[in-house]
Amino acid sequence: MKSILFIIVLLYGQFVSAALPPRYQNANDLDVMVSFINTHPAVASSLDFIDFRNKTVIYNVDCKAVFGRKVSFKLPGWVGPAEPLEFKHSSCDVDD
């Protein structure tokens, strides 16, 4: 019985994809936000701060560029990598 359980656990482990550790996920997320800033001169020239917790770039006093992730389907109990961070919307024009 123990050997059957061991084989099931071994096989299950080969199909599970793990999430990135937070330090790598955070670094990837920050790279996306900084890349966005670098490709939009109006945002870069008026950048106030990056609100990393809320995945938001604040620029031009009250303007916000909001980032998020696509919702992905995962089987219950399965862990997998988070979807990449992407630009969702902005409260002001990013291409002045």
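Below, all heavy atoms of this structure are taken into account, side chains as well, without hydrogens, waters or symmetry copies.
To the nearest 0.5 Å, the span separating CG on D29 from CD1 on I50 amounts to 11.5 Å. Atom CZ in F67 sits 10.0 Å away from atom CD in E86 (nearest 0.5 Å). Between atom NZ of residue K55 and atom NZ of residue K64 there is a gap of 15.5 Å, rounded to the nearest 0.5 Å.
Residue I58 is not grouped with residue F36 when hydrophobic side chains (ILVMFWY) are merged at heavy-atom distances under 4.5 angstrom, including chains of intermediate members. Hydrophobic clustering keeps M33 apart from V66 (ILVMFWY residues linked when any side-chain heavy atoms are closer than 4.5 Å, directly or through intermediates).
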- Evaluate side chain to side chain contact (heavy atoms under 4.5 Å, CB included) for N28 paired with L85, printing each intermediate quantity in order. CA-CA 8 Å; N28 289 346; L85 197 67; over 6 Å; no
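Residues Y59 and L47 come closest through the heavy atom pair CB-CA, 4.0 Å. Nearest approach of S91 to C63, heavy atoms of both residues: OG-CA, 3.4 Å. The shortest non-hydrogen separation linking G68 to K88 is N-CG, 3.5 Å.
Counting heavy atoms of neighbouring residues, nucleotides and ligands inside a 6.0 Å radius, atom CZ of F52 exceeds 12 of them.
For the side-chain hydrogen bond (donor to acceptor under 3.5 Å, both in side chains) condition, the pairs that include at least one residue of residues 34-52, sequence neighbours left out, are D51-N54.
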